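Worksheet: the structure to be examined is printed underneath.
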Amino acid sequence: MIEIRNLNKTFSLKGRSVDAVRGVSLTVQDGDIYGVIGYSGAGKSTLVRCINLLETPDSGLLRIGDSEEITVENGKILTGREKTPIKEKQLNAMRRSIGMIFQHFNLLDRSTVFENVAYPLKYTGLSKKEIRDRVMEMLQLVDLTDKQDAYPSQLSGGQKQRVAIARALANHPKILLSDEATSALDPDATESILGLLRSLNEKLGLTIIAITHEMAVIKSICRHVAVMEDGRVVEEGSVYDVFAHPRQDITRHFVASASALNRVDKLLKEDSPLVRVQPGELLVKLLFSRDSVGDSVISEISREYQVSINIVLASVEVLEGAPLGGMIAVVKGSEEHIAQALQWMEAHYVEVEVLRRG
Ligand SMILES: Nc1ncnc2c1ncn2[C@@H]1O[C@H](COP(=O)(O)OP(=O)(O)OP(=O)(O)O)[C@@H](O)[C@H]1O
Ligand SMILES: [Mg+2]
């Protein structure tokens, strides 16, 4: 388990100070894939760099696996309940127990794939043969054994990130921190790297904290998510609950950005014929979640209340095995029937928003 309590980090730059991380508390269970999403400057990278102490927080508490708890007070890293200053050796051991990958891969350009993966194994006391075996084990894990003698410049972006993942896991860490690992990749390579992370999580029980500004990454691999804004975690929970019932504006923005239903705003602005309504008709947005299933709702209300539903846009996806999504539709029928149908839907956990009245 990773536990972060009340973590703070302020940078001072030319007399100005920036509160990059403010009072962040998070718990990540072993074997979870935990996403942190936020816009640029929200403090995501600073937060993950504080977790492996690449960056020294100003204050806070960290518990990582079975290691001694770490308390930071006034920028001093202390370990154990007695709060003894951390030793260089402990710090190095801790950093080795957490792998990290980056947006721009951070490979050594003048070293081969083999040498890049072997790099973190230096000074670990492993023999030459053990290092060779470990590197080959890692390259097999990321499916790159045939590239061991290639240089980074001879690889595609996706292959470079595979090398970086092999290097990050060379010391068999239980935790992998991923800072925008797919942000520089095309959609196919992104899909393949996300697939690899998912399979490493399942095969090795690897706990992954994935920082991103892309909803697609969160939806694709994460089980839990924290939304960061201005140095703070403003919302947190299971991916399904956070995205099905966003409470903060910023979370709503992320949800909308990933939803095809968002296109209705453009159609409304253009006054497209698709969203025009006749007197008595309604243009509505219907949102479904775990407890309401789209197609049965539509057939139920058209049968029960003699209203007809013309679908303009629809988008339902499956998150954590449950449907999430909705549709934009024109509802036609008598005033009374439409009112009854809307009531029925709300009683059956369909969120209804009226966008236009004819
Ligand atoms: N070394 C530093 N010195 C001064 N300010 C910094 C430093 N590192 C980060 N900051 C500032 O801290 C804030 C948070 O930065 P951070 O890099 O953590 O954000 P981020 O969420 O990772 O953004 P992005 O999505 O652009 O990577 C920003 O205002 C940034 O300018
Ligand atoms: Mg960043």
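Starting from 1, each residue takes its place in the sequence as its number. Both counts, for ligands and for their atoms, begin at 1 and track the order of listing. Remember, predicted model here, so these are calculated numbers, not experimental data.
- Looking at T46 against ligand 1, both its backbone and its side chain come within 4.0 Å, counting heavy atoms.
- Ligand 1 has no nitrogen or oxygen under 3.5 angstrom from a nitrogen or oxygen of F11.
- The shortest contact between atom 26 (O) of ligand 1 and any protein heavy atom is with S40 OG, 2.5 Å.
- Checking T251 against Q248 by side-chain atom types alone, no donor-acceptor pair falls below 3.5 Å.
- Distances below 4.0 Å separate heavy atoms of A20 from the following atoms of ligand 1: 12 (O), 13 (C), 14 (C).
- Of the candidates S45, G41, G38, it is S45 that places a heavy atom closest to atom 27 (O) of ligand 1.
- For G43, a nitrogen or oxygen atom sits less than 3.5 Å from a nitrogen or oxygen atom of ligand 1, counting backbone and side chain alike.
- Panel note: side chain K44, backbone I37; no donor-acceptor pair is recorded below 3.5 Å.
- Using a 3.5 Å distance cut-off with no hydrogens or angles, the side chains of S153 and R110 do not pair a donor with an acceptor.
- Under 3.5 Å, the side chains of S25 and N6 contain no donor-acceptor pair of N or O atoms.
- Between the side chains of H224 and E236, not a single donor N or O lies within less than 3.5 Å of an accepting N or O.
- Counting only heavy atoms of the protein, atom 29 (O) of ligand 1 lies nearest to V18 CG1, 3.5 Å.
- Q103 lies apart from the Mg ion (ligand 2) in this respect, since none of its N, O or S atoms is found at a distance under 2.8 Å.
- Nearest protein heavy-atom contact of atom 25 (O) of ligand 1 is K44 NZ, 2.8 Å.
- At a distance under 4.0 Å, a protein heavy atom can be found next to atom 16 (P) of ligand 1.
- Of the N and O atoms on the side chains of N8 and S59, at least one donor lies less than 3.5 Å from an acceptor on the other residue.
- Near Y39, with a cut-off below 4.0 Å to any heavy atom, the atoms of ligand 1 are 21 (O).
- A side-chain contact (heavy atoms from CB on, under 4.5 Å) with S111 is found for exactly one of L108, V113, L107, namely L108.
- Checked for salt-bridge contact, D271 and R356 meet the test: a charged N lies under 4.0 Å from a carboxylate O.
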